[in-house]
Amino acid sequence: MRIDWNDYPCDDFYDELVAAPGKGREAVEGLLADLEELGPDELVARQEAADVAIKEMGITFTVYSEEGGTIDRTWPFDIIPRIIPQSEWERVEAGLKQRVQALNLFIDDLYHDQRIIKDGLFPAEVLAKSVNFRPQCVGIDPPLQTWAHICGSDLVRDGDGTIYVLEDNLRVPSGVSYMLENRLVTKRVFPELFEHYAPLPVDDYPSQLFDTLAALSPRPADYPEVVVMTPGIYNSAYFEHAYLAQQMGCELVEGRDLFVDDHDCVYMRTVDGAARVDVIYRRIDDLFLDPEAFLPESALGVPGLLRAWKAGNVALANAPGAGVADDKVVYAFVPEIIKYYLDADPIIPNVPTYRCMEPDALAYTLAHMEELVVKPANESGGYGMLVGPASTKSEREKFAELVKKDPRNYIAQPALKLSTVPTIIGHKLEPRHVDLRPFILSADRQQVTMGGLTRVALRKGSLVVNSSQGGGSKDTWILPEQSEAN
């Protein structure tokens with residue numbers, strides 16, 4: 001039994017693999033033929049093999065239950081890869097580097113001269129109501145003037161094929177470990193396809209991350225002491241914290257493993273005594289980092305850590321306060337931010353966005369809520385937003401009251417027709433919506449992952465790709481030019 005691509009429904013959305021019934025996109029026509037040759041039964045068997053491999057490898061994620069506890073679940077993964085030609089990816093890569101460069105300049109400006117506010121390009125009101133601006137960081141000069149060393153920007157493709165940036169994650173972005181594990185699993189289940197198409201590698205990310213962190217070290221050394229700081233085993237991203245520490249050959253520590261001495265240097269407790277720490281890749285939110293500087297009741301942080309960072313004796317990645325740009329209202333100003341700091345137009349556009357703090361935008365949003373996706377400034381994981389086309393009248397009325405009460409806290413965007421990728425559902429292939437989270441590293445140089453974490457909405461018709469809400473993931477293949485000719 002073979003797959004009949006003529007029966008694959010792709011008329012209503014831009015599909016990443018299938019251009020029209022029975023016809024693959026130019027770069028991947030050979031892949032469609034290969035999948036067709038394997039047939040649905042063989043694909044299901046390989047999907048089952050992938051599921052077994054994921055369990056054996058212990059690839060999990062944690063969700064918080066309604067009862068207040070946590071549940072570890074096996075990572076949901078679909079074996080049909082998402083394909084992007086290298087020629088298209090090169091433009092995306094340039095756009096991501098441009099974006100993060102401008103955002104780092106913006107963050108540094110906010111904690112120093114605030115020129116962009118004085119010049120009237122960015123409203124003082126937005127900064128004044130920012131929940132992620134840290135007054136404790138004003139005047140601090142982090143190494144290389146870089147605040148967001150690891151950024152995960154979410155990309156989506158609309159129905160006409162245009163790629164947009166949907167949001168930027170500059171606090172503690174997660175997901176890169178699943179990108180790496182997805183590649184390992186795909187190699188196991190599709191060795192022949194992998195050898196034939198030779199997608200560009202992603203497995204060099206841990207070494208790139210270590211080099212990025214090492215470049216921040218306050219002490220010149222070939223191998224500075226770099227640690228990964230985790231809140232602990234109950235955090236939803238703990239698998240990733242442990243994975244990255246292991247892959248980089250670094251210690252995984254909690255706040256109780258570290259202390260700051262009288263000279264404002266950070267040390268790690270070890271069986272051989274105290275060891276000086278140079279760089280901390282922290283996976284803890286700002287407010288829990290240092291009970292002296294932020295929340296006094298935090299048991300996760302290290303007393304004096306901000307003092308040590310301010311003194312230049314330790315580097316923190318990402319820097320405290322970087323989250324001021326991790327705000328969906330700030331996102332709406334990024335085109336202006338790029339123009340202001342780099343004197344250039346954005347290479348990758350934002351999704352068209354209405355800033356509800358502006359009277360005309362507010363009026364339009366309230367009048368068209370059934371057509372729009374309305375988002376609060378600082379929620380994540382797909383929570384707290386209104387998807388207008390899927391909402392009830394009662395839900396829209398309640399959400400309208402929230403928006404009117406605090407317009408600065410909301411933006412609105414048209415409901416995009418997110419692109420799809422063939423996904424194994426039962427014993428057949430069906431289109432499912434996807435987004436993409438590449439990761440951008442910034443220190444003495446910028447690097448972008450060759451692809452990223454493709455997240456897929458496994459529920460039919462759903463646009464919510466988050467794993468905590470029923471989403472899954474796929475491997476992302478950036479195909480070099482020679483493969484595109486196959």
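All figures in this text were calculated on a predicted structure; none of them were measured in a lab.
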I'd like to check the salt bridge (Lys or Arg N to Asp or Glu O under 4.0 Å) partners of [X]; sequence neighbours left out, ordered by chain and number.
| X | answer |
| --- | --- |
| Asp290 | none |
| Lys375 | none |
| Asp264 | Arg307 |
| Arg355 | Glu336, Glu358 |

Exercise for the section: Determine, stepwise, if the pair Glu401 / Lys404 fulfils salt bridge (Lys or Arg N to Asp or Glu O under 4.0 Å). Expected result: CA-CA 5 Å; Glu401 292 303 315; Lys404 285 187 284 187; 3.1 Å; yes
Problem - Residue pair Pro376 / Gly384: nearest heavy atoms and the distance that separates them - result: CD-O, 3.1 Å
Fill in the blank from the handout: Heavy-atom nearest pair, Val228 first then His241, reads CG1-O, 4.0 Å
Problem - With Asp15 via side-chain hydrogen bond (donor to acceptor under 3.5 Å, both in side chains) - residues at least two apart - result: Tyr8, Thr420
Close side-chain approach of [X] to [Y], heavy-atom, < 4.5 Å:
| X | Y | result |
| --- | --- | --- |
| Arg283 | Glu240 | yes |
| Cys250 | Phe210 | yes |
| Tyr281 | Asn318 | no |
| His149 | Leu213 | no |
| Ile280 | Leu305 | yes |

Problem - Heavy-atom donor-acceptor pair, Asp327 side chain to Val324 backbone, under 3.5 Å - result: no
Problem - Check: Asp285 side chain, Leu287 main-chain N or O, donor-acceptor pair, under 3.5 Å - result: no
Side-chain donor-acceptor pairs of residues 152-163 under 3.5 Å, sequence neighbours excluded:
| unit_1 | atom_1 | unit_2 | atom_2 | d |
| --- | --- | --- | --- | --- |
| Ser153 | OG | Asp168 | OD1 | 2.8 |
| Asp154 | OD1 | Arg437 | NE | 2.7 |
| Asp154 | OD1 | Arg437 | NH2 | 3.4 |
| Asp154 | OD2 | Arg437 | NH2 | 3.2 |
| Asp154 | OD2 | Arg455 | NH2 | 3.3 |
| Arg157 | NE | Glu16 | OE1 | 3.4 |
| Arg157 | NE | Glu16 | OE2 | 2.9 |
| Arg157 | NH1 | Glu88 | OE2 | 2.9 |
| Arg157 | NH1 | Gly161 | O | 3.0 |
| Arg157 | NH2 | Glu16 | OE1 | 3.2 |
| Arg157 | NH2 | Glu88 | OE1 | 3.3 |
| Arg157 | NH2 | Glu88 | OE2 | 3.4 |
| Asp158 | OD1 | Lys417 | N | 3.1 |
| Asp160 | OD1 | Thr162 | N | 3.0 |
| Asp160 | OD1 | Thr162 | OG1 | 3.0 |
| Asp160 | OD2 | Thr162 | OG1 | 3.3 |

Output all residues satisfying side-chain contact (heavy atoms from CB on, under 4.5 Å) with [X], sequence neighbours left out; order by chain, then residue number.
| X | value |
| --- | --- |
| Glu181 | Met57, Ile59, Leu184, Phe239, Tyr243 |
| Gln136 | Arg134, Phe294, Leu306 |
| Lys393 | Arg396, Glu397 |
| Ala299 | none |

Completion exercise
Between Ser473 and the options Asp78, Thr454, Asn182, the side-chain hydrogen bond (donor to acceptor under 3.5 Å, both in side chains) test singles out Asn182
Problem - Test side-chain contact (heavy atoms from CB on, under 4.5 Å) applied to Pro407 and Leu402, Leu366, Leu362, the passing residue - result: Leu362
Practice task
Specify whether Trp309 and Trp147 have parallel, tilted or perpendicular ring planes, treating 30° as the upper limit for parallel and 60° as the lower limit for perpendicular.
Solution key: perpendicular
Problem - Parallel, tilted or perpendicular, as decided by the 30° and 60° cut-offs, for the rings of His368 and Tyr364 - result: parallel
Practice task
Please confirm whether His433 and Phe13 have ring centers closer than 6.0 angstrom.
Solution key: yes
Practice task
Apply side-chain contact (heavy atoms from CB on, under 4.5 Å) to the pair Arg25 and Leu17, showing each step before the final yes or no.
Solution key: CA-CA 6 Å; Arg25 297 207 173 274; Leu17 297 188; 5.9 Å; no
Looking at [atom1] of [X] and [atom2] of [Y], how far apart are the two atoms once the value is rounded to the nearest 0.5 Å?
| X | Y | atom1 | atom2 | result |
| --- | --- | --- | --- | --- |
| Met385 | Gln413 | CE | CD | 9.5 Å |
| Arg82 | Ile478 | CZ | CD1 | 8.5 Å |
| Leu316 | Leu216 | CG | CG | 9.5 Å |
| Lys474 | Arg432 | NZ | CZ | 10.0 Å |
| Leu144 | Ser442 | CG | OG | 10.0 Å |
| Arg115 | Lys118 | CZ | NZ | 9.5 Å |

Practice task
Could you give me the CA-CA distance, side-chain angles and deciding distance for Leu386 and Glu395, then say whether side-chain contact (heavy atoms from CB on, under 4.5 Å) is met?
Solution key: CA-CA 8 Å; Leu386 177 83; Glu395 289 171 336; 4.3 Å; yes
Problem - Other residues, nucleotides, ligands: >12 heavy atoms within 6.0 Å of Lys97 NZ - result: yes
Fill in the blank from the handout: Residue pairs passing the ring-ring contact (aromatic ring centres under 6.0 Å, His included) test with at least one member in residues 389-420, sequence neighbours excluded, are Phe399-Tyr410
Problem - Test log, rule salt bridge (Lys or Arg N to Asp or Glu O under 4.0 Å), inputs Arg219 and Glu225 - result: CA-CA 10 Å; Arg219 297 189 300 168; Glu225 188 67 67; over 6 Å; no
Would you say the side chains of [X] and [Y] form a donor-acceptor pair under 3.5 Å?
| X | Y | result |
| --- | --- | --- |
| Asp326 | Tyr331 | no |
| Asn350 | Tyr164 | no |
| Asp141 | His112 | yes |

Exercise for the section: Any chance you could lay out the side-chain contact (heavy atoms from CB on, under 4.5 Å) test for Ile348 and Arg99, step after step, and finish with the verdict? Expected result: CA-CA 8 Å; Ile348 311 175; Arg99 192 174 184 93; 5.8 Å; no
Donor-acceptor contacts under 3.5 Å from residues 120-133 side chains, at least two apart:
| unit_1 | atom_1 | unit_2 | atom_2 | d |
| --- | --- | --- | --- | --- |
| Ser130 | OG | Asn132 | N | 3.3 |
| Ser130 | OG | Phe133 | N | 3.2 |
| Asn132 | ND2 | Asn378 | OD1 | 2.9 |

Handout entry: Test side-chain contact (heavy atoms from CB on, under 4.5 Å) applied to Ile411 and Val374, step by step
Key = CA-CA 6 Å; Ile411 62 168; Val374 189; over 6 Å; no
